[in-house]
Structures are given as C-alpha cells and as structure tokens.
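Here the structure comes first, spelled out in structure tokens, and everything after it is commentary.
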2 protein chains.
Amino acid sequence: MPLDRELLKGSIAVLILKLLSERDMYGYEIIQESLRRSDDAFEFKEGTLYPALHQLHKRGYLRSEWRTGESGKQRKYYSLTAVGRKAARRSEKEWFVFTKIVNAILSGANS
Amino acid sequence: MPLDRELLKGSIAVLILKLLSERDMYGYEIIQESLRRSDDAFEFKEGTLYPALHQLHKRGYLRSEWRTGESGKQRKYYSLTAVGRKAARRSEKEWFVFTKIVNAILSGANS
DNA sequence: TCTACTGCCTCGTTATACGAGGTATGATAA
DNA sequence: TTATCATACCTCGTATAACGAGGCAGTAGA
C-alpha cells in the first residue's frame, strides 16, 4: 500500500525538526534515516526535502554548515537553532494533538 | 493551540468518508459533527468541505440527494456508493498506517 | 426590523509536494 | 580504463489543495 500523498503534507517539517533535534544531519542522511526508521515505508523525495530544508533555514530554525567527511565529499550539515529547538517541540506536540483529534472523530467520540 | 493548517491536509477525505459510512449527512451537518466529536477543535471550513464533497462525488464515491426537512429547508444529503464504502475503509486504514509510520520515525524506531 | 443561524455555493490566492531534470564526486565492477 | 552506481546537492514547472472572502436564500428569535 503506497503512502497517501495527501497525508504526507504537513508532516514534513515535524519529521525534519525531530530528526535534527537528535543530531546534526545532512539532507541525504535525513532521507536514509527516515527510510531506516520506517522500514522503507517513508521516503522523503529530494524535490520535497531540499526546498523544505531551505525554507526552515530561511525561517531561522536551522543553521547549515559544509563539512568534509573522510571520503573528501562535501556534505551540508544542518543543526537546530534555539528557535528551531522550540519549533521542534511545538510541532511534535501539534502532531500528537492533531492525530488525537482525527482519531477522536474516526472513533465516533462523544457519540 | 490552533490546529496546524498543514497537518490538516489529506485528512479531509478520510474524515468525510468515515462520517458518511456511519450515516447519510449533509454538508453543514458534517461540519457540526466534526466540531462535536472533537470538542470544537476540528472545524471543517466551508471553502474546504464543499469542494471536497463535490470532488468525492465526481470520483463516484458519493451519491447526493436533496431532501426537505420538517422545517421546509432543503438539504443536500450525501451517502456512500459501494465504491465509496471501499474507499472509506481503505482511507481509514491508510490513515492508521501513515500515523504509525510517522510515529515510528518520531520515536526513533530501529535505533 | 435586524441579527444570527442554517445551508448551499464559487472564485482567487497562496502554498506545497514532487517529478523531472541537472551537476559533481567517489567507489565498484567489467 | 571505462562504465555504472550510489552519494550528495540543487532548481523549475506542474498539479493540486486549503480556505478566506464573498454571495445567495430561508428561518428563528429578539
């Protein structure tokens, strides 16, 4: 069963912020890590991820820094700013509240 | 805490299909019922709901029928077609799968 | 009479996901 | 050596969506 494209919307930022709150990561790594944690169910598309990272950066949530690994390859590492850390906590909470509300409606709450 | 607008996306169809799988409803009633079940947290906007209903109708998921209540007011009732009933089950399942996957990433699964 | 609620609708704006395409490097296999 | 693959970054255009704002009309109540 493929992931419903529509459902993905809005969860992007939550996931990026959460992952970066655990450790600094570069874009490609975020994609791989999401695949790993979801047993290959959730694949960030590059056309989605990179613009999203730039937007979070523009909003002041992220810092970016080029680092060179032992392989000699350049990687752009992202880390959370103080503001970004707050946004990470807030967005995760919003996610839980939101799913709780939808589940309430789905389960026929207050019936 | 206001609902994150972005998170709402994609959950619209799931909720409409689920509500209509319980009983026939008219548009305005869907809005009221969502508010009631979510303790006023989830309000379908009319500019969102009516186009969504029309689209589901166009896809063959819904039937619509004008009925006159005892008040004399015309209401357009929607009900699920056979195809719509299948879509309702499928979309609800997709919702649970999707939230499970996101929660897995958020919780650091496979770490 | 005037306001509030019910009940339907459309249009324009804004945002977004992402497919498709591009560039460049390093590693591996033929 | 050469070709291919994985890594690693990016942008642009398209399609779609949410929804604010507006409009219409009937009913109820102050």
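Below, read A as the first sequence line, B as the second, and so on, with proteins coming before strands; counting in each chain starts at 1. All values reported here derive from a predicted model rather than from experimental measurement.
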Measure the distance from [atom1] on [X] to [atom2] on [N] and round it to the nearest whole Å.
X       : N      : atom1 : atom2 : value
A:Lys58 : C:dT16 : NZ    : P     : 10 Å
A:Trp66 : D:dT7  : CH2   : C1'   : 12 Å
B:Lys45 : C:dG12 : NZ    : C1'   : 18 Å
B:Ile31 : C:dT6  : CD1   : P     : 10 Å
B:His57 : C:dC8  : NE2   : P     : 14 Å
B:Glu43 : C:dG7  : CD    : P     : 15 Å
B:Leu53 : C:dT10 : CG    : P     : 11 Å
B:Leu49 : C:dT6  : CG    : P     : 15 Å

#### Entry: Comparing A:His54 and A:Gln74 on DNA chain D - which has the more 5′ nearest nucleotide
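Its nearest nucleotide being more 5', the pick is A:Gln74.
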### Query
Taking the side chain of B:Arg75 as its heavy atoms from C-beta onward, which of C:dG7, C:dT10, C:dC18 lies nearest to it?
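Of C:dG7, C:dT10, C:dC18, C:dG7 is nearest to the side chain of B:Arg75.
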### Message
If you only use heavy atoms from C-beta on, which nucleotide in C:dT10, D:dT11, D:dA17 is closest to the side chain of B:Arg59?
### Response
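Closest nucleotide to the B:Arg59 side chain: D:dA17.
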### Task
Take B:Gln32 and B:Tyr78, find for each the nucleotide of DNA chain C with the closest heavy atom, and name the residue whose nucleotide sits nearer the 5' end.
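Final value for this comparison: B:Gln32.
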### Message
With nearest nucleotide decided by heavy atoms, which residue, B:Gly47 or A:Gln55, maps closer to the 5′ end of DNA chain C?
### Response
B:Gly47
Distance check: side-chain N/O of [X] vs OP1/OP2 of [N], anything under 4.0 Å?
X       : N      : answer
A:Tyr26 : D:dC9  : no
B:Tyr50 : C:dC9  : no
A:Thr48 : C:dA17 : no

### Query
Salt-bridged, B:Arg23 to B:Glu29, with N to O below 4.0 Å?
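Counted as a salt bridge, because a side-chain N and a carboxylate O are separated by less than 4.0 Å.
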### Electrostatic pair B:Glu65:B:Arg63 at N-O distance under 4.0 angstrom
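Salt bridge between B:Glu65 and B:Arg63, a charged N being under 4.0 Å from a carboxylate O: no.
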### Query
Can any side-chain N or O of A:Ser38 pair as donor or acceptor with the backbone N or O of A:Ser34 at less than 3.5 Å?
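Checked: pair present.
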### Task
Give a yes or no on whether the backbone of B:Ser79 and the side-chain of B:Asp24 come within a donor-acceptor separation of less than 3.5 Å.
no
### Task
Look at the side chain of B:Lys73 and the base of D:dT27, then say whether one donor and one acceptor between them are separated by less than 3.5 Å.
no
### Task
Determine whether any donor atom in the side chain of B:Glu46 lies under 3.5 Å from an acceptor atom in the base of C:dC8, or the reverse, and answer yes or no.
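Yes, the side chain and the base share a sub-3.5 Å donor-acceptor pair.
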### Query
Rounded to the nearest 0.5 Å, how far apart are NZ of B:Lys73 and OH of B:Tyr28?
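Result: 9.0 Å between the selected atoms.
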